[in-house]
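Here's the structure, in C-alpha cells; my notes come after.
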Amino acid sequence: MSELRAEGVANKSRGQWNSTFGFVMAAAGSAIGLGNLWKFPYLAGKNGGGAFVILYLSLIVIVGFCLVLAEMSVGRKGQSDAYGSFKKINEKCGFIGMIGVVTSFIILSYYSVIGGWILKYIGSYFAGGISGGESSNYFVSLISSPLEPLVYHLGFMMITALIVLGGVEKGIERASKFMMPTLFILLIFVGIRSVTLPGATEGIKFFLKPDFSKITMGTFIAALGQVFFSLSLGMGVMVTYGSYLKKDGNMPKDSLTIPFIDTIIAMLAGFAILPAVFALGFEPGQGPGLMFVTLPAVFDKMPWGNFFGGMFFILVFFAAVTSSISLLETSVSLVVDQFKLNRVKAVILLATVAFILGVPSSLANGILGETMIFGKNFFDLMCFLTDNILLPVGGLLLCLFVGYIWGPEEALKEITNNNKLKFKLGKLWIFGIRYIAPVMLGIVIFNCLK
Ligand code: PHE
C-alpha cells in the first residue's frame, strides 16, 4: 500500500493525464498526423484501393493494436521516460527505449520543418489564397529559399515547445482536447464539400475500388510501414504517454480506441482529398506535392475555395502539432526523469537542439540540395534513417522485449491491473506480440537491407 502511495506521489511530480478522454485525445493526436493526411489516401489509391484498405485494416488490428498495447504497458509499468521504463523492467534493456527517443527526436527535427510550411500556407489563405496556376512555383520557391522556411520552422517549434512547457495535463492534454475534436469537425466539413462536387465519384473509385492484383510483397511492406508511422510506434512515444496513465485505467480498451480513431481519420482524409482532386481535373500524388501543390490548385478552382483551403490547412496544422508535441515530450521526459533537469530548461534546451538539427533538413530543399550523404540529401537521409531503419528495428526490439524478456504473463498483469480487468483478447495478444509482429517486422527489415 505504501508502495502504491509512494508511486502516486512520484507520479504527481512527473505529471499524469487527468482523464481517459484527455489521454485518448493526446495519443490519437500523436497518431493522427501527416501520415494520415498526405500519405494514406494516396497509398491506398495507388496500391489497390479497397484491397489495400482491407490489408491495412488487418495490419492495424493485428500488429497495430498489439504494439500500441505493448508500448503503453511498458510505460505504465515503468512509470518513467522511455529509456527509464525499459530499464526499470530489465536493467540491461534501457537501450531499446533510448533508440526510440533518438528516433522521435530526429523525426521532430524534420517534422517541424514541414510544420513550418503549413504555418506559411495558413497565413497565405488568410491573406487571400494561392493562385492555382502558381501553386507549384509558390511551393518550390518557399521551400528552396534559405531564410523564410527557417523562420516558420522556428515558429512551429516554438508553438510545440510552448504547449509542452505547460506540462502533461495543462499543456498536452488541454491542447489535444481542443484540437482533435476541432480537426474532426473540420475534416467532415471539407469531406462533405469534396464528395458533393460534380465528378467526385472518380476519386472515390480511385480510393476504394478493390484491385487485389496490386497486393504484392511491396504493398505489404508499404502497408506495414504506414501502420507503424501512423500509430507513432517504435519510437518511445506511446511508452512515454503510457507512463502518465493512472494505474487503474483500462489499457486494452484505450489501445483499441486509438488505432480505431486513427484509421477513421485516415479514411476521412481519403474522402476529403481524393474526390476533390479528381472532380477538378487533377491527378493525385503523394506527400508534399499532394498537399502543398495539388490541393491549393484544387481549392483555387473550387467555389469558396479560399475558405475551405484555410480551414483545411488549419486542420493539418492541428494534426501536425499534436504529433510534434508527442515527439518533443518523449525526449523532455527522458531529460527530466534521468538528468533531473526542470521541465522549463529541458524544453528550451531540446527544442533548440531539434530546431538546429532541422536547419540542414530545411536547407536541403534549396542551397544544400546538391550536398549528398550516402546518395541522399539531408532531408531524405533523415526520413530514410527513421522510417526504414530505426522504426522497424525499434518495433522489433519492443516485441522481443515484451514477448520474451519481460514476458507476456508479466505484461498481462500490468495490462489487466493485476487480473482485475477482463481482457478477452489476451491470448491473441500474446500470440501477436511473440510471433506475428516480430516475423512481419523481420520481413520488413530484411527487405530494407536487401
Ligand atoms: N503518427 C504521425 C503521423 O501519422 C507521425 C508521428 C510519428 C508522430 C512519430 C509522432 C511520432 O503523421
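Values reported hereafter were calculated over all heavy atoms of this structure, with side chains retained and with hydrogens, waters and symmetry mates removed. Remember, it's 1-based here, ligands and their atoms both numbered in the order they're listed.
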Quick one: which ligand 1 atoms are inside 4.0 Å of a heavy atom on [X]?
{"X": "L327", "value": "9 (C), 10 (C), 11 (C)"}
{"X": "A31", "value": "1 (N), 2 (C), 3 (C), 4 (O)"}
{"X": "S326", "value": "10 (C)"}
{"X": "G33", "value": "3 (C), 4 (O), 12 (O)"}
{"X": "G35", "value": "3 (C), 4 (O), 12 (O)"}
{"X": "N36", "value": "4 (O)"}
{"X": "L34", "value": "3 (C), 12 (O)"}

request  = Run the salt-bridge test on E169 and R174 with the 4.0 Å N-O cut-off and return the result as yes or no.
outcome  = no

Are side-chain N/O atoms of [X] and [Y] paired as donor and acceptor at under 3.5 Å?
{"X": "S30", "Y": "S232", "value": "yes"}
{"X": "E173", "Y": "N18", "value": "no"}
{"X": "T219", "Y": "T216", "value": "yes"}

task = Could you see which bit of F229 sits under 4.0 Å from ligand 1, with heavy atoms only: side chain, backbone, both or neither?
result = both

query = At under 4.0 Å between heavy atoms, which part of M235 makes contact with ligand 1: side chain, backbone, both or neither?
reply = side chain

inquiry  = Given 3.5 Å as the limit, does a donor-acceptor pair link the side chain of T330 with the main chain of G100, or not?
reply    = no

inquiry  = Using ring centroids (six-membered ring only for Trp), state whether F278 and F206 fall under 6.0 Å.
reply    = yes

message = Is it the case that over 12 heavy atoms from other parts of the model lie below 6.0 angstrom from the OH atom of Y404?
response = yes

query = Any non-hydrogen atom of S104 lying under 4.0 Å from ligand 1?
reply = no

task = Could you check whether the rings of Y241 and W17 sit parallel, tilted or perpendicular, using 30° and 60° as the cut-offs?
result = perpendicular

request  = Distance to 0.1 Å, residue and atom name: give those for the protein heavy atom nearest to atom 6 (C) of ligand 1.
outcome  = S232 OG, 3.8 Å

